[in-house]
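For reference, the structure is listed below as structure tokens.
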Amino acid sequence: MANYPKTMKALVAYSKTDYRFEGAYPSPECGDDDIIIKTEACGICAGDLKCQHGAAMFWGDEVQPSWVKPPFIPGHEFLGRIVDMGKNVTGWKIGDRVTADQIVPCGECRFCKSGKYWMCQPHNIFGFQTANNGGMAEYVRYPKTAVIYPVPEDLPLEKALLIEPYGCSKHAVDRGNIQCDDIVVISGAGTLGLGMVTYAALKHPKALISLDMDDKRLAKAKEFGATHIFNPGKRDIQKEIEALTDGYGCDVYIEATGHPSSVIQGLGVIRKLGTFVEFSVFSAPATVDWSIIGDRKELDIYGSHLSPYCFPFVIDGIASGALKTDGVIRTILKLEEWEKGFEYAAGKYGDLKVALVP
Ligand SMILES: [Zn+2]
Ligand SMILES: [Zn+2]
């Protein structure tokens with residue numbers, strides 16, 4: 001007999017125009033290899049917002065096929081406590097506080113077998129398909145291959161909710177391979193950009209420059225370790241960075257805004273032979289002059305996806321305070337208020353990360 005109710009509260013996406021709060025949605029079933037957790041809370045990601053707004057990259061259009069598999073329960077930034085386990089599960093016990101990587105690796109493809117599980121070929125992710133329902137519900141099923149980590153008992157919820165986003169931040173910064181004498185630009189000071197700033201600061205680059213159109217976010221970036229902050233809406237970024245680099249340009253540019261203009265800006269302010277890291281998800285293609293990348297600057301361009309092997313460091317860093325989190329989550333609402341939550345998460349009222357409690 002299961003240790004949890006047969007139905008639960010859940011936000012369910014039936015189609016791109018039909019997201020519904022359900023008071024008695026079927027709870028996940030616990031198979032022999034599964035773990036069931038009771039959700040403590042779930043953060044709202046920009047991806048969840050884009051999906052709810054009907055973005056083509058999720059729901060498809062004339063040029064791309066639909067990627068989501070409705071009905072599904074959104075949310076991949078969640079944690080909770082184990083309430084049930086299948087008979088084959090070892091290493092965990094009922095009551096353990098846990099979280100998991102966003103990806104649910106297949107364990108069998110070429111990428112999984114070579115340790116590159118975050119690029120798993122089938123690419124199942126929590127919160128976008130029926131088979132891997134996400135954290136905007138009272139109960140979530142972790143299948144056998146889920147990458148699960150313990151969360152310290154005394155880690156406050158508003159900090160623990162940043163484990164997944166900061167994991168993604170860490171991976172993006174690691175891709176930039178920052179050296180002590182580098183001048184680093186991180187474009188975008190939302191939750192992910194701030195996570196990048198606080199982590200990159202631990203690497204003590206020569207200068208750490210945060211760019212954002214919002215001065216409040218820039219102030220937070222300064223608090224989190226940025227040595228310089230600039231608002232591209234008010235300052236000539238090209239000039240500012242040239243002044244700081246004897247006219248050469250920055251060594252590393254990490255793009256975390258999701259706006260094509262930030263890509264063009266980055267290609268302009270980066271030095272020859274520099275390192276450009278692309279983290280964002282764009283709602284429209286970014287059109288740039290590729291001759292800058294090859295002929296003019298011979299750049300190293302790196303992509304960054306998810307948070308492979310990042311959780312242990314991030315959990316320790318958040319718990320010790322080495323990674324700064326103050327004020328990133330200030331709004332936690334009930335799941336019933338998801339519409340309000342999504343609205344707040346869009347940044348309308350100055351919020352960075354917003355979370356829902358089922
Ligand atoms: Zn996310
Ligand atoms: Zn795989």
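In each ligand, atom 1 is the first atom listed, and ligand 1 is the first ligand listed. Only this structure's heavy atoms are used, side chains among them; waters, hydrogens and symmetry mates stay out.
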Quick check with a 6.0 Å cut-off and a 45 degree axis cone: is Lys50 positioned over the face of Phe58's six-membered ring?
no
When you measure from the Zn ion (ligand 1) to the N, O or S atoms of Glu77, does any of those distances fall below 2.8 Å?
yes
Apex the Zn ion (ligand 2) - arms SG from Cys120 and SG from Cys106 - angle rounded to 10°
100°
If you measure from the Lys or Arg side-chain nitrogens to the Asp or Glu carboxylate oxygens, is any gap between Arg235 and Glu240 under 4.0 Å?
yes
Answer yes or no as to whether an N/O/S atom of His123 is found below 2.8 Å from the Zn ion (ligand 2).
no
Please state whether the separation between the Zn ion (ligand 1) and some N/O/S atom of Cys168 is under 2.8 Å?
no
If you apply the rule ring-ring contact (aromatic ring centres under 6.0 Å, His included), what do you find for Tyr117 with Tyr309, and how did you get there?
CA-CA 10 Å; Tyr117 71 93; Tyr309 305 108; 5.2 Å; yes
Are Lys38 and Tyr139 in a cation-pi contact, defined as NZ or CZ under 6.0 Å from the six-membered ring centre and within 45° of the axis?
yes
